[in-house]
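Presented below is the structure to which this report refers.
From a predicted model like this one, the values you see are computed outputs, not experimental measurements. Residue numbers run from 1 in the order of the sequence given.
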Amino acid sequence: MKKFSRIVTAVVASTYLLMGAAHAEYPSKPVSFVVPFPPGDLEDITTRMIADDFQKMYNTPAAVINKPGGGGGPFPGAVSVAKAPADGSTIGSFVIDVPLVGPHIGIPELAPDPFEPIGFYLTYPFVIVAAKNAPFQSLEEMASYGKENKLLLGHFGAPLIPSRVTMELAAKLGFAWASEAGFDALDCNTLASGDVDVMNTTLQLILPCLDQVNILATVTADRIKKIPDVRTVGEIFPDLKIALTNGIFVHKDTPADIREKIAASVKKTVMSDKIQALADKTGAQIYWQDAKQSKAQIKAAMLTMDKINKSLGD
């Protein structure tokens, strides 16, 4: 009888311990924000601000982990988040292409889509740019030149929205890129070295050499305030009006209370003066869009990308 009583006591004690662990206050251990690109661009800078504020708000270590994909876009980094425990300890700072493209490119961990957005907060100031001394000064001149000469396009990954838009833009302008290649970094040095003739990058990365380049168009929904005279691709071809956005994602099995805490911290950061000053400096749009709005945006972007991919024969 005493033995049975000891067993019951042990079982009850174990149950309470498990319940305590299951309901431990989040965050109870260090948190990692995974950025699937190299350091230095907007998603990296803004996510570091988010991580710093998260650490202060919850008094828990939070760090940014960069996991670039070697020209393959954000998908290897996304896989690492998909494989992590769904407990809020590993958070993805992802472009919208992760849920749009990831489930369709043959990566088992990303199909079906394992993520749900906490919220979107950044629209990248993507631009199509060439050197100032290039033999063309406009999109139309670039198209004429490309019909008779080889042009190499550099981008951050063929499946990404700005890359697909730029490829479809060439088709609509009546020429084809002689070749295209993915890079982990596309900055002033990439263009100056002659590695590419035209590159699809963010305004942030070419600010140091703005006087040495010619911005042909932006791949944004609206004109970039910092370069208001530059047309968007969508102004020229309305069916190409789409932008690349970045948001905070977690595994879909992550509990609701954890999501709420992550959202509260991120929203506070992106609405702060310090990060809005970064927006003014770089031309990025920084805001807060909740989970419901972000899901609707993903759905709308999917329809646009389906049309672009169909036109490109994919």
Answer yes or no for K172 and F237: cation-pi contact, defined as NZ/CZ to six-membered ring centre under 6.0 Å and angle to ring axis within 45°.
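Output yes; distance and angle both within limits.
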Tell me the closest heavy-atom pair linking [X] and [Y], and the distance in Å.
X: T202; Y: V127; result: C-CG2, 4.3 Å
X: L216; Y: A130; result: CD1-CB, 4.4 Å
X: S163; Y: N200; result: N-ND2, 4.2 Å
X: V219; Y: P162; result: CG1-CA, 4.0 Å
X: I206; Y: M199; result: CG2-CE, 3.7 Å
X: A111; Y: P103; result: CB-O, 3.5 Å

For the aromatic rings, using the six-membered ring if either is Trp, is the centroid distance between F33 and F94 under 6.0 Å?
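Centroid separation for F33 and F94: 6.0 Å or greater.
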Is the backbone N or O of [Y] less than 3.5 Å from a side-chain atom of [X], with the two atoms forming a donor-acceptor pair by type?
X: Q293; Y: Q289; answer: no
X: E180; Y: L152; answer: no
X: D113; Y: F115; answer: yes
X: R259; Y: T254; answer: yes
X: N214; Y: A131; answer: no

Would a 4.5 Å heavy-atom cut-off, applied to side chains only, mark [X] and [Y] as touching?
X: Y121; Y: S93; answer: yes
X: F156; Y: T201; answer: yes
X: P117; Y: K295; answer: yes
X: F126; Y: T166; answer: no
X: L139; Y: L169; answer: yes
X: F75; Y: L110; answer: yes
X: N66; Y: P38; answer: no
X: L153; Y: V196; answer: no

Report the C-alpha distance between N309 and R164 in whole Å, list the side-chain angles of each, state the deciding distance to 0.1 Å, and finish with yes or no for side-chain contact (heavy atoms from CB on, under 4.5 Å).
CA-CA 8 Å; N309 291 333; R164 302 300 286 171; 3.1 Å; yes
To the nearest 0.5 Å, how far apart are [atom1] in [X] and [atom2] in [Y]?
X: M142; Y: D197; atom1: CE; atom2: CG; value: 10.5 Å
X: K226; Y: K281; atom1: NZ; atom2: NZ; value: 8.5 Å
X: M305; Y: M302; atom1: CE; atom2: CE; value: 10.5 Å
X: T46; Y: Y124; atom1: OG1; atom2: OH; value: 6.5 Å
X: D97; Y: L160; atom1: CG; atom2: CG; value: 4.5 Å
X: I308; Y: I161; atom1: CD1; atom2: CD1; value: 8.0 Å

With sequence neighbours left out, write down each residue that passes salt bridge (charged side-chain N to carboxylate O under 4.0 Å, His left out) with D44, or none if nothing qualifies.
R48
Is a salt bridge present between K307 and E168, judged by a nitrogen-to-oxygen distance below 4.0 Å?
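Salt bridge absent between K307 and E168.
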Between D53 and K274, does any side-chain N to carboxylate O distance fall below 4.0 Å?
yes
Would you indicate whether [X], at its atom [atom1], is surrounded by more than 12 heavy atoms from other residues, nucleotides or ligands within a distance under 6.0 Å?
X: K132; atom1: NZ; answer: yes
X: K261; atom1: NZ; answer: yes
X: N59; atom1: CG; answer: no

With side chain to side chain donor-acceptor pair (under 3.5 Å) as the test, would you mind laying out the steps for S265 and Y58 before giving the verdict?
CA-CA 9 Å; S265 178; Y58 296 119; 5.6 Å; no
Residue pair Y26, D257: steps toward the side-chain contact (heavy atoms from CB on, under 4.5 Å) verdict
CA-CA 8 Å; Y26 174 82; D257 59 329; 5.7 Å; no
Under the side-chain contact (heavy atoms from CB on, under 4.5 Å) criterion, do D87 and K29 qualify, and how do the steps go?
CA-CA 10 Å; D87 60 1; K29 59 182 178 179; 3.0 Å; yes
What residue among D280, L42, I275 forms side chain to side chain contact (heavy atoms under 4.5 Å, CB included) with I286?
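Exactly one option meets the side chain to side chain contact (heavy atoms under 4.5 Å, CB included) with I286, and it is I275.
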Taking the inter-plane angle between the rings of F136 and Y145 on a 0 to 90° scale, is it parallel (under 30°), tilted (30 to 60°) or perpendicular (over 60°)?
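It falls in the tilted class, 30° to 60°.
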Determine whether I215 and L210 satisfy the following criterion, side-chain contact (heavy atoms from CB on, under 4.5 Å), listing intermediate values before the conclusion.
CA-CA 9 Å; I215 301 174; L210 209 54; 4.0 Å; yes
